[in-house]
Amino acid sequence: MSSRIFGSGIRRREDPRLITGAAAYTDDMTLPGMLHAVMLRSPHAHATITRIDVGGARTAPGVVAVYTGKDVTLNPMPCAWLPPNSQLKIANYPTCAIDTVRYVGDIVAVVIADSPQQGYDALDLIEVDYQPLPSVIDPQKSCAPGAPQLHADIPNNLAFQWTVAGGDVDAAFAAAEIVVTERIVQQRLIPNAMEPRAALAKWAGMSGELTLWNTTQNPHILRFLTSVVTGIAEDKLRVVAPEVGGGFGCKIPAYPGEFLAIFASRKLNRPVKWTETRSENYQATTHGRDHVQEIELAAKKDGTILGIRASSWSAMGAYLSTAAPGIPTILHGLMLSGVYNVPAIKEDVYGVYTTATPVEAYRGAGRPEATFIIERMVDKLAAALSMDPVAVRRKNMIPRFENGHAVATGLTYDSGDYPASLQKLLDHVNYDALRQEQAAARKAGRLMGIGVGTYVEICGLGPSQVAAAVGFQGGLWESAIVRVHPTGKVNVFIGASPHGQGEETTFAQLVAAEIGVGVDDVKVIHGDTETTPMGWGTYGSRTTAVGGAALILATRKVKEKAKLIAAHLLEAAVEDMDYADGKFFVKGSSDRAKTIQDIALQANLSWNMPPGMEGGLEASMFYDPPNFTYPFGSHLAIVEIEKETGIVSLTRYVAIDDCGPQINPVIVEGQVHGGVVQGIGQALWEEAIYDENGQLITGSMMDYALPRADRLPHIEVLNTVTPSPHHPLGLKGIGEAGTIASTVTVYNAVIDALRPLGVETMQMPFTPERVWKAMTAAAKPAGN
Amino acid sequence: MTVRVSITVNGRRFDKDVEPRQLLVHFIRDLGGFTGTKVGCDTSQCGSCTVLLDGIAVKSCTCLAAQADGAEVTTIEGLAADGQLHPIQEAFWNTHGLQCGFCTPGMIMATHELLRTNATPTDEAIRHGLAGNFCRCTGYQNIVKAVREAATVMAK
């Protein structure tokens with residue numbers, strides 16, 4: 001493999017079209033005769049619909065059709081992650097509400113018009129009478145006796161109840177010399193991909209074929225789900241993910257919007273486009289997190305962790321989104337051991353319906369919440385024992401391992417060197433000097449905090465047999481086709497569907513490095529179910545970890561065939577052939593050689609092939625990984641808090657991540673930057689807030705505080721390299737790492753700053769008001 | 001009711017009858033066909049729709065088409081000249097200043113404004129100057145780097 005291409009931070013080939021405005025996202029597309037769909041959404045969190053009159057809207061200018069729930073003949077929305085042994089109860093989730101609405105933003109009617117503006121005008125003419133019902137947002141309250149019932153057939157709003165357990169937790173707590181407890185609110189977040197969701201459906205009349213252009217992270221899954229909901233057979237369905245403007249999890253699930261666009265296109269035999277407004281995005285595109293957790297950690301007085309016992313109430317929103325039940329369970333509970341030896345772990349997870357927007361994966365999906373628990377508890381234990389948090393981490397950290405380490409939850413981590421990662425971080429920042437600086441700052445009356453967060457994540461989802469065992473209603477392999485044209489130029493077709501992560505570039509680097517063609521001679525094609533092989537999509541940091549493995553193995557098949565052809569053409573024995581830098585040559589005589597281009601031409605001409613060999617130079621691979629991958633790292637944050645105002649300033653952030661070997665370090669670094677900032681956003685600014693009536697108060701970019709350029713420090717990015725033992729190139733994935741580590745790292749820094757004042761815990765995000773109140777409350781003598 | 005407007009977008013003049021409420025961004029996208037300008041929000045926060053109106057950056061969702069009557073608009077499609085990328089575009093490409101690309105046209109136009117008003121900005125000035133444009137992918141770090149590089153190149 002050529003080291004010049006693999007590992008090189010070359011510029012992305014995606015960028016020319018993106019920096020010139022030439023890229024076409026779904027909303028940029030226009031088809032002849034196209035109509036526009038707009039949605040009437042419920043203004044109530046929970047209500048019975050007693051009357052709908054769409055008469056006025058039907059006759060409004062430009063309106064072609066109006067549909068309500070009674071008109072829509074689509075199957076209910078599917079849920080595709082069914083954790084076993086969880087008493088899962090899937091509520092009926094209609095694409096358009098029929099008699100009850102269950103969150104602000106639930107679709108009540110669809111208007112199809114010549115222009116979106118005419119559609120919006122017509123929405124005002126639809127008369128709906130609602131009989132409001134009580135709402136409930138807090139997941140602990142929602143499953144308590146007497147709470148409003150969302151679905152008649154689901155008692156206590158309990159969607160599922162799932163337990164992870166390993167080791168003897170009761171014994172651990174019986175042996176404990178110290179127990180620390182914490183209640184964590186993982187607040188609800190709104191993903192805010194910059195591109196709002198959009199769908200363009202084109203029914204091809206009598207042929208019975210339908211094309212859907214959609215803002216999706218996984219077009220093949222969406223085709224499958226579209227078939228389920230619309231009844232159109234998969235062979236007649238084409239789903240295209242054109243340019244997609246970020247996802248972060250919220251573009252994994254299927255949504256009612258695209259199915260209603262399909263329904264209308266089919267009814268009217270015209271193309272129908274639906275693009276949500278940002279306000280609709282806030283209300284009706286899936287949210288993330290929204291867990292309440294009560295945790296106990298048992299330890300010895302020397303800081304040795306004995307066990308963790310936790311309960312988690314996870315709000316699901318009004319309905320179960322496509323993958324929602326798997327996130328607070330499988331992707332969360334199994335990771336509670338973190339980078340430590342924790343002999344006993346038990347967590348009970350309650351999935352609860354609430355009168356809010358459905359939740360889904362949001363960058364990290366379950367793993368940030370798990371990392372938060374263990375890293376928060378470790379800091380709390382350190383504080384209780386008056387130990388340095390780094391000392392407690394070192395005491396419990398799993399030592400270096402190269403090929404498998406089993407943890408109490410039943411997972412086997414692939415490879416890791418957590419102590420080395422932590423040490424590199426401490427050396428980089430000169431940790432002891434930092435603590436001295438902090439002591440001096442405290443003496444001077446300043447509130448300086450140092451937060452450390454270590455993590456291991458489960459990604460590269462994942463072995464399909466495990467998918468089956470944990471109730472994921474799909475496979476988790478990935479696919480690639482490598483096609484070498486007569487000129488030696490290469491097309492790569494992949495089943496995954498990147499949307500900003502840069503695999504059009506990194507995958508070209510993989511192929512170029514493997515068979516010696518130029519990186520510009522490889523084009524990576526993705527996102528169209530009609531041209532790409534089946535694949536399960538881009539999420540869970542799996543595109544490179546799984547799809548990259550499929551690609552490299554497909555490329556090796558091509559290389560193997562090329563070698564046979566070269567041997568044949570050179571009249572040499574196959575075992576005498578060698579390869580270097582795009583050339584196959586006879587060992588010891590490098591002038592007897594064929595380039596990959598020579599071979600590609602011969603293979604495509606097929607004039608003189610080895611006996612019995614088929615023509616062409618192409619291979620495909622469907623790769624099912626033997627295990628997940630487990631990237632890891634160590635992060636550090638420094639904050640300074642203004643006493644008078646409670647304003648938290650993040651003054652320094654250092655990230656050390658290990659995703660194995662890096663195909664393109666510039667792209668890896670970009671993933672870390674973005675991930676870290678999303679996690680910082682949760683700690684400091686972001687929160688979806690509903691009022692007591694279930695109204696989303698933070699329903700726009702004016703009200704929901706997204707990270708801005710001027711609020712962030714320069715992030716220092718470093719790495720260690722620990723290859724995965726089971727990936728053909730040792731790659732692990734980096735898409736979510738930053739988010740998984742940074743929220744708790746910043747949290748730990750803020751509490752570290754406030755601890756001298758007596759503040760031990762606080763709810764995120766750390767708004768100035770909240771911090772000021774916590775400082776003020778802590779300053780009061782007890783009893784006052 | 002409609003109003004007649006004459007707006008030049010990237011050198012092409014469009015004479016159109018538009019509704020008084022028509023936003024400039026929709027004029028640019030739907031009538032002009034320049035879909036490089038993006039609509040990322042409906043409250044003028046995200047900056048994805050930033051264009052140059054007679055050389056000065058505006059969020060084209062806060063401007064009516066009627067207000068732009070007689071004006072010259074430059075969008076992301078009009079920035080590269082004679083097949084040569086503008087130094088800002090080149091800098092975003094060189095520094096990995098974009099990922100999904102959706103905020104990028106607005107970010108590049110906002111950078112154009114930033115460097116028009118301050119040719120040698122500090123990192124702090126860059127961060128402050130771009131605070132009206134959201135990016136969810138990059139954490140802004142490489143965008144700051146891109147602006148710095150563009151400033152250096154353009155100063156030569």
Side-chain angles (χ1 to χ4, degrees), chain A residues 9 11-12 14-25 27-30 115-117 191-196 243-248 275 277-279 281 499-502 666-667 669-678 680 700-702 706-712 714-715 717 738, chain B residues 19 21-22 26 29-30 33-46 48 75-80 85-86 88-106 108 123-124 126-144:
Chain A
R11 301 197 295 184
R12 295 198 320 171
E14 289 89 340
D15 292 358
R17 65 178 188 264
L18 297 169
I19 55 178
T20 56
Y25 299 79
D27 188 47
D28 299 334
M29 289 189 268
T30 303
S115 76
Q117 289 76 18
N192 274 292
M194 287 310 299
E195 179 204 23
E243 211 71 64
V244 175
F248 314 114
T275 303
T277 63
R278 181 58 66 181
S279 299
N281 176 277
H499 41 279
Q501 297 89 343
V666 174
I667 288 177
E669 200 170 306
Q671 289 296 308
V672 173
H673 292 161
V676 163
V677 168
Q678 276 181 332
I680 292 171
S700 81
M701 282 178 169
M702 280 195 290
L706 286 168
R708 292 174 187 263
D710 59 347
R711 303 286 302 275
L712 294 158
H714 181 86
I715 298 159
V717 179
Chain B
E19 282 191 77
R21 63 176 174 173
Q22 168 118 59
H26 292 134
R29 285 177 57 84
D30 301 344
F34 294 102
T35 54
T37 303
K38 302 301 180 201
V39 181
C41 75
D42 45 14
T43 52
S44 293
Q45 305 296 303
C46 79
S48 299
T75 71
I76 189 70
E77 291 97 333
L79 211 54
L85 291 176
H86 188 280
I88 299 173
Q89 291 170 309
E90 194 79 45
F92 270 73
W93 190 11
N94 288 340
T95 60
H96 189 30
L98 60 146
Q99 290 180 27
C100 84
F102 195 82
C103 77
T104 309
I108 287 175
D123 278 11
E124 198 187 346
I126 293 169
R127 287 181 178 275
H128 183 72
L130 296 178
N133 288 67
F134 286 132
C135 169
R136 195 59 157 163
C137 294
T138 65
Y140 304 101
Q141 189 146 319
N142 285 342
I143 292 176
V144 174

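The sequence lines fix the lettering, A, B, ..., with proteins before strands; numbering per chain opens at 1.
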Where does [X] contact chain B at under 4.5 Å (heavy atoms): side chain, backbone, both or neither?
{"X": "A:Ile667", "result": "both"}
{"X": "A:Ser700", "result": "side chain"}
{"X": "A:Val672", "result": "neither"}
{"X": "A:Pro191", "result": "backbone"}
{"X": "A:Val676", "result": "neither"}
{"X": "A:His499", "result": "backbone"}
{"X": "A:Gln117", "result": "both"}
{"X": "A:Gln671", "result": "both"}

To the nearest 0.5 Å, what is the distance between [atom1] on [X] and [atom2] on [Y]?
{"X": "A:His714", "Y": "B:Asp123", "atom1": "NE2", "atom2": "CG", "answer": "8.5 Å"}
{"X": "A:Asp15", "Y": "B:Glu90", "atom1": "CG", "atom2": "CD", "answer": "10.5 Å"}
{"X": "A:Arg708", "Y": "B:Tyr140", "atom1": "CZ", "atom2": "OH", "answer": "7.5 Å"}

So, for [X] and [Y], which heavy atoms are closest and what is the spacing to 0.1 Å?
{"X": "A:Phe248", "Y": "B:Cys137", "value": "CZ-SG, 3.8 Å"}
{"X": "B:Trp93", "Y": "A:Arg12", "value": "NE1-O, 2.7 Å"}
{"X": "A:Pro196", "Y": "B:Gly40", "value": "CG-O, 4.2 Å"}
{"X": "A:His673", "Y": "B:Thr138", "value": "CB-O, 3.2 Å"}
{"X": "A:Met702", "Y": "B:Thr43", "value": "CE-CG2, 3.9 Å"}

| Is A:Asp27 paired with B:Lys38 through a side-chain N to carboxylate O contact shorter than 4.0 Å? |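 No.
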| message | Closer than 4.0 angstrom, basic N to acidic O: yes or no for A:Glu195 and B:Arg136? | response |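 Salt bridge flag = no for B:Arg136 with A:Glu195.
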| said: Just so I know, are the side chains of A:Glu14 and B:Leu98 near enough to count as touching, which here means a heavy-atom distance under 4.5 Å? | reply: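 No, side chains not in contact.
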| Note, B:Gln99 side chain near A:Met194 side chain (heavy atom, < 4.5 Å) |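 The answer is no, as the side chains (C-beta and beyond) never meet within the 4.5 Å cut-off.
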| field | Top of B:Gly139, B:Cys100, B:Gly129 for chain A proximity - count of heavy-atom pairs under 4.5 angstrom | value |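 Of the options given, most contacts go to B:Cys100.
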| Option in B:Cys41, B:Gly33, B:Gly36 with maximal non-hydrogen atom pairs under 4.5 Å from chain A |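 Max contact count across the listed options: B:Cys41.
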| field | Heavy-atom pair count under 4.5 Å with chain B, highest-scoring of A:Ala23, A:Gly245, A:Gly502 | value |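 Ranked by heavy-atom pairs under 4.5 Å with chain B, first place is A:Gly245.
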| If only atom types and distance count, is the side chain of B:Asp42 paired as donor or acceptor with the main-chain N or O of A:Ser279 below 3.5 Å? |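 Yes, the answer is positive, given that a donor and an acceptor are paired below the 3.5 Å cut-off.
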